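Just so it is clear, the model here is predicted, and its values are computed rather than measured.
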Amino acid sequence: MDLEFRLPDGSLRRYPAGTPGRDIARDLPGASGALALLVDGEYLDLHSPARKGGALRPVLPGTEEGLEVVRHTAAHVMAQAVARLFGKDAVEFAIGPVIDEGFYYDFDIEHAFTPEDLPRIEEEMRRIVREDLPLSRSEVEGKDAARARLDASGKAEFKKEIVRDLPDGSVFSFYSQGEFTDLCRGPHVPSTGAVGEAFKLLSVAGAYWRGDEKRKMLQRIYATAFFRKEELDEWVRLKEEAKRRDHRVLGRELGLFKFPEASPGAAIWLPKGMICWRELERVIREKLDARGYVEVRTPVLLDSSVWKVTGHMDHYRENMYFLEKQEDRLFGMKPMNCPGSAMVFQEGLRSYRELPLRLAEFGLVHRNEKSGVLGGLTRVRSFVQDDAHVYCTPEQLEDELRDLVAFVREIYGLFGFADIRMYLATRPASSTGTDAMWRNAEEAIGSVLRASGAPFVMDPGGGAFYGPKIDFKVLDSIRREWQLATIQVDFSLPEKFDLDYVAQDGTRKRPVVIHRAILGSFERMFGILVEHFAGAFPLWLSPEQVRVVPVSEEKQADACRAAVAALRAAGLRASADLGSGKMGAKIREATIAKVPYCLVIGGREAESGQVAVRRRDGHDLGALPLGEVVEALRREAAERRLEPSLGPPPGTPLPERKRKPQA
RNA sequence: GCUGCAGUAGCUCAGCCGGUAGAGCACGUCCUUGGUAAGGACGAGGUCACGGGUUCAAAUCCCGUCUGCAGCUCCA
């Protein structure tokens, strides 16, 4: 039987089924040097027999698809190197897939890999690449044949489990390069030489077999590979950039927050960090007011009978903190703010005229996260959510959801998060509520998301136990993805708390509730903002906005104090550095502290009522009238601008002689 | 929680094979009064994470606990 292939130019080719990719590539125009082929978007490597036709194009070096193939083979090269160095019988191979930024291979081996092993393995990998071993593929049909093949090559329990879980009658493929053979679906490059030498082993980590914490812990080596050395170097540079932005380090250096040993998973907010917190709170409150929310505050401790009602005792208990029983009552610390909010709703008899009722709460919650997942501000046990619960009628649900999606986008715009991604998370395995409730909620969300016109992704089983949700993820300034907002529809909370309102027709009706947080939590959001801005916050968010520096502290002290007074009168956070020391050193300190503006006052400025403006990025804007500067900065902060209002756009190169490390 | 690694001055780190602690920066005092990223001198500062053990002797070796880091699993 012949298969038909459509080339990119529209022409058609026919080959008998089973023709190896290699033979097809040979007479495909523009395919010399191809690493593999793509048929209808699926890989067909040069070793594999074609089983179906379709749109055909080559996978060339330098492309994303090509990189995937190269990395896959690089994983095999790594496994081969480990087998050579540690002995083929000392190690058992699990899986070695390609991931976003590289690849890994999981090994079961007695020897505990150390960082010193990595260069040795790399060296052996280079040898294998230089040997340019051709890869070959062989196939067997059926599980028995696959198992027999595996048995012949030594212990392969993990591979056998993979075979066991694939459908009967499958074709199993093995790839060999030199003395190394691995059960593998492919695709792979023609020979190990095609892997090249732009690869790097990154780290060793434990990983459960099949991600199951009850199963065996394997040793995983992470690595990455590129086509060219320069690409690898650039990738390493980006990793270092991410490291440079680490909020745990910046938070300490900038005096924003710290982490006490006595309370793992909780932060201490230092005065400067607290200024940022208050600015965030202030802007959120402004927007809440504008959108018709009212703010409440509810207890941290609630009797366990409440948590039974909400279902937390059944579905969330291991994440909750309970106090010792006192006077025969068991109190749990709230991991969520919903019960308190429901109690607010229960206050008095509600009318349909009050709906939608939008209750906001900056609620302090505690969640007993497993110790191993804690990390900086992005994963803590004690945090404050910018939470709100919207009580509305089923008819109002879509409008409210629509408004919330717009709200989220408005807030993220404040920080310059342009790339916002939405996910629709549906019913998880452990959940409360009826099928009908879930179906209704999922449909309402789906319809709003579709109507929003923005693309969204399904996250099956990712919902909360009480309802489906929209999760928002954003990309930061160095394109890392973060989960922030969540909007959750909940039909079951009103049931559980027996919430109702008097409808227009006089009957009692059940409201729907939407839980939502936009920042997510102040803690996580702030950690992300520190990394997003690399600690150089926009003016409005900067703990210290302006520092006034005298050229000669004895002579211009009064002028400096007057400038600070004018700045403070305009609502700006400013101080003067009147200590002893040279001006250069003071400017350096202000720059390191990432203070957005330095105003320098010398004899000339003091006399003319001017200030010399210097930005933290090193741009010296020269002398300007104080009043003008104060007004410009006041507006820049009040409008919450992301970019400086004085001087050239950020990123403008500095004049030649001033190239020094900048904040 | 699990696997691996780590914990010495406020910070970054040295202190290897055991003989009761050191540098740079930061901090304080004094001198220096200067034009856009580091002026100088002197000084103070550590129960070497905590608890046990081995030893004549432990920051150093062993065990346990706590905390952190990289992952796994999980999540705002």
Under 3.5 Å, is there an N or O donor on one side and an acceptor on the other linking the side chain of [X] and the base of [N]?
{"X": "A:Arg252", "N": "B:C11", "value": "no"}
{"X": "A:Tyr208", "N": "B:G1", "value": "yes"}
{"X": "A:Arg524", "N": "B:C75", "value": "yes"}
{"X": "A:Glu369", "N": "B:A76", "value": "yes"}
{"X": "A:Glu605", "N": "B:G35", "value": "yes"}

OP1 or OP2 of [N] under 4.0 Å from side-chain N/O of [X]:
{"X": "A:Ser371", "N": "B:G1", "value": "yes"}
{"X": "A:Tyr597", "N": "B:U36", "value": "no"}
{"X": "A:Lys469", "N": "B:A76", "value": "yes"}
{"X": "A:Arg614", "N": "B:A37", "value": "yes"}
{"X": "A:Arg248", "N": "B:A70", "value": "yes"}

Partners meeting ring pair (Phe, Tyr, Trp, His ring centres under 6.0 Å) with A:Phe456 (sequence neighbours left out): none
Out of B:A38, B:A37, B:C31, which has the shortest distance to the side chain of A:Thr591? B:A37
Pairing partner of B:G35, by Watson-Crick or G-U wobble and under 3.5 Å for both distances, is none
What is the base-pairing partner of B:A6, counting Watson-Crick and G-U wobble geometry with both distances under 3.5 Å? B:U67
With respect to A:Phe526, which candidate in A:Trp482, A:Phe415, A:Phe537 satisfies the ring pair (Phe, Tyr, Trp, His ring centres under 6.0 Å) definition? A:Phe537
Only one of A:Phe86, A:Trp209, A:Phe158, A:Tyr105 passes ring pair (Phe, Tyr, Trp, His ring centres under 6.0 Å) with A:Phe93, and that residue is A:Tyr105
Nearest-nucleotide 5' precedence on RNA chain B, A:Arg220 against A:Ala612: A:Ala612
Can you confirm whether A:Glu318 is buried at CD, in the sense that more than 12 heavy atoms of other residues, nucleotides or ligands lie under 6.0 Å from that atom? yes
What does A:Gly602 touch in the nucleic acid at a heavy-atom separation under 4.0 angstrom: a base, only the sugar-phosphate, or nothing? base
